**Q** 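A single structure is presented below for examination.
Fair warning: this is a prediction, and the values are worked out from it, not measured in the lab.
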Amino acid sequence: MFDKNFEPKIVGFLCRWCSYQGADLAGTSRLEYPPNLTPIRVMCSGRVDPSFVMRAFAQGADGVMIFGCHPGDCHYQEGNYKALRRYTMLKKMLKQFGIEEGRFRLEWVSAAEGERFARVVAKATEEIRELGPLNWSKVREAQYA
């Protein structure tokens, strides 16, 4: 088993126009949520390259989240649809590497949804905490098996 005091490290890629603003609203509204998420602002969720996700896991993240504008509300017209296609492909790839499905998420959060942002981060943190730390050496072994 793993340490009961385990706190997951989660990397979050946040769309600059909506999700990052939603996170900011959660902060300015003083909403409480776990401090486990390290936010990385990107211009659009569609700009999150699959290698960013893999690199986050390889460098010690126990979970990775991509936050984008709601479908139909992307400031770059179709960026969030591109993110959804990549997410679907990445989920299949991560499963083949032995990374549990609950460690990787795509969430739609608008600038006005600070409460939703806080709720989603809290839920993801709890689920990843229950999964325990990601054993990257085991993942790398599966890669070459």
**Q** For residues Ala111 and Trp17, report the shortest heavy-atom separation together with the two atoms involved.
**A**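 Shortest heavy-atom contact: CB-O, 4.2 Å.
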**Q** Are Val64 and Ile10 in one and the same hydrophobic cluster, where Ile, Leu, Val, Met, Phe, Trp and Tyr link if side-chain heavy atoms are under 4.5 Å apart?
**A**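 No.
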**Q** With rounding to the nearest 0.5 angstrom, report the CH2 to OG distance, Trp108 to Ser45.
**A**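 Separation between the atoms: 5.5 Å.
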**Q** Please check if the number of heavy atoms outside Tyr20 that lie under 6.0 Å from its OH is greater than 12.
**A**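 For Tyr20, atom OH is not crowded (no more than 12 foreign heavy atoms under 6.0 Å).
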**Q** If hydrophobic clusters are built from ILVMFWY residues whose side chains come within less than 4.5 Å, do Phe104 and Met65 share one?
**A**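 Different clusters.
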**Q** Any non-hydrogen side-chain atom of Glu7 less than 4.5 Å from a side-chain atom of Asn36?
**A**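 Sidechains of Asn36 and Glu7: in contact.
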**Q** What distance do Cys18 atom SG and Asn80 atom CG have between them, rounded to the nearest 0.5 Å?
**A**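 So the SG of Cys18 and the CG of Asn80 are separated by 8.5 Å.
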**Q** Do Val121 and Val53 sit in one hydrophobic cluster, given that two such residues count as connected whenever their side-chain heavy atoms are within less than 4.5 Å of each other, even indirectly?
**A**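 Different clusters.
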**Q** Treat each ILVMFWY residue as a node, draw an edge where side-chain heavy atoms are under 4.5 Å apart, and state whether Leu106 and Met43 are in one component.
**A**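 Different hydrophobic clusters.
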**Q** Taking Ser29 for its side chain and Ala26 for its backbone only, find out whether a donor-acceptor pair lies under 3.5 Å.
**A**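 Between the backbone of Ala26 and the side chain of Ser29 there is no qualifying donor-acceptor contact (under 3.5 Å).
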**Q** Is there a side-chain contact between Glu101 and Lys95 (heavy atoms, below 4.5 Å)?
**A**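 No. Closest side-chain heavy atoms not under 4.5 Å.
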**Q** Can you measure from CZ (Phe57) to CG (Leu134) and round to the nearest 0.5 angstrom?
**A**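 Interatomic distance, Phe57 CZ to Leu134 CG, rounded to 0.5 Å: 6.5 Å.
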**Q** Please examine the side chains of Pro50 and Met89, heavy atoms only from C-beta on, and report whether any two atoms are closer than 4.5 Å.
**A**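 SC-SC contact between Met89 and Pro50 confirmed.
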**Q** Please find the pair of heavy atoms, one from Gly68 and one from Cys15, that lie closest to each other, and give the distance.
**A**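 Looking at all heavy atoms of both residues, the closest pair is CA-CB, 3.9 Å.
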**Q** Spell out, as yes or no, whether a donor-acceptor pair under 3.5 Å connects the side chain of Ser19 to the backbone of Val109.
**A**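 A pair under 3.5 Å: yes.
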**Q** So, taking the atom named CG in Asp62 and the one named NZ in Lys9, what distance separates them when rounded to the nearest 0.5 Å?
**A**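 Answer for the CG-NZ pair, Asp62 versus Lys9, is 6.5 Å.
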**Q** Do any N or O atoms from the side chain of Arg86 and from the backbone of Gly46 form a donor-acceptor pair under 3.5 angstrom?
**A**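 Yes.
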**Q** In this structure, would Leu14 and Leu25 fall into the same cluster of hydrophobic residues linked by side-chain contacts under 4.5 Å?
**A**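 Not linked; separate clusters.
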**Q** So does Arg16 have more than 12 non-hydrogen atoms from other groups sitting under 6.0 Å from CZ?
**A**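 Check passes, neighbour count above 12.
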**Q** Report yes if the side chains of Pro8 and Thr125 come closer than 4.5 Å at any heavy-atom pair, otherwise no.
**A**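 SC-SC contact between Pro8 and Thr125 confirmed.
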**Q** Please answer whether the main-chain N or O of Val11 pairs with a side-chain N or O of Thr38 as donor and acceptor at a distance below 3.5 Å.
**A**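 No; zero donor-acceptor contacts below 3.5 Å.
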**Q** Taking only Lys NZ, Arg NE, NH1 and NH2, and the carboxylate oxygens of Asp or Glu, determine whether Lys123 and Glu126 approach each other closer than 4.0 Å.
**A**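 Looking at Lys123 and Glu126, the cut-off is not met.
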**Q** Going by the angle between their ring planes, with limits at 30° and 60°, are Phe117 and Phe67 parallel, tilted or perpendicular?
**A**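 Taking Phe67 first and then Phe117, their aromatic rings sit tilted (interplane angle of 30° to 60°).
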**Q** State whether Glu127 and Arg105 are salt-bridged, where the test is any N-O pair (Lys NZ or Arg NE/NH1/NH2 against Asp/Glu carboxylate O) under 4.0 Å.
**A**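 So Glu127 pairs with Arg105 through a salt bridge.
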**Q** Decide yes or no for Phe52 and Arg55: does some side-chain heavy atom of the first lie under 4.5 Å from some side-chain heavy atom of the second?
**A**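 Of all side-chain heavy-atom pairs linking Arg55 with Phe52, none is under 4.5 Å.
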**Q** Just to verify, what does Met93 make a side chain to side chain contact (heavy atoms under 4.5 Å, CB included) with, not counting sequence neighbours?
**A**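 Partners of Met93 by the side chain to side chain contact (heavy atoms under 4.5 Å, CB included) criterion, ordered by chain and then number, come out as Met54, Leu90, Phe97.
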**Q** Quick one: closest heavy-atom pair of Arg103 and Ile128, and the distance?
**A**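 Looking at all heavy atoms of both residues, the closest pair is NH1-CG2, 4.0 Å.
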**Q** Set out, in order, the CA-CA distance, both residues' side-chain angles and the distance that settles side-chain contact (heavy atoms from CB on, under 4.5 Å) for Phe13 and Arg41, then state yes or no.
**A** CA-CA 6 Å; Phe13 296 99; Arg41 183 170 52 177; over 6 Å; no
**Q** In Å, rounded to the nearest 0.5 Å, how long is the span from CD of Gln21 to OG1 of Thr28?
**A**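 That separation rounds to 9.5 Å.
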**Q** What is the distance from atom CD of Glu107 to atom NE2 of His70, rounded to the nearest 0.5 Å?
**A**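 Atom-to-atom, Glu107:CD and His70:NE2 are 9.5 Å apart.
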**Q** Check whether any side-chain heavy atom of His75 sits under 4.5 Å from a side-chain heavy atom of Cys69, and report yes or no.
**A**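 Touching, per the 4.5 Å side-chain cut-off.
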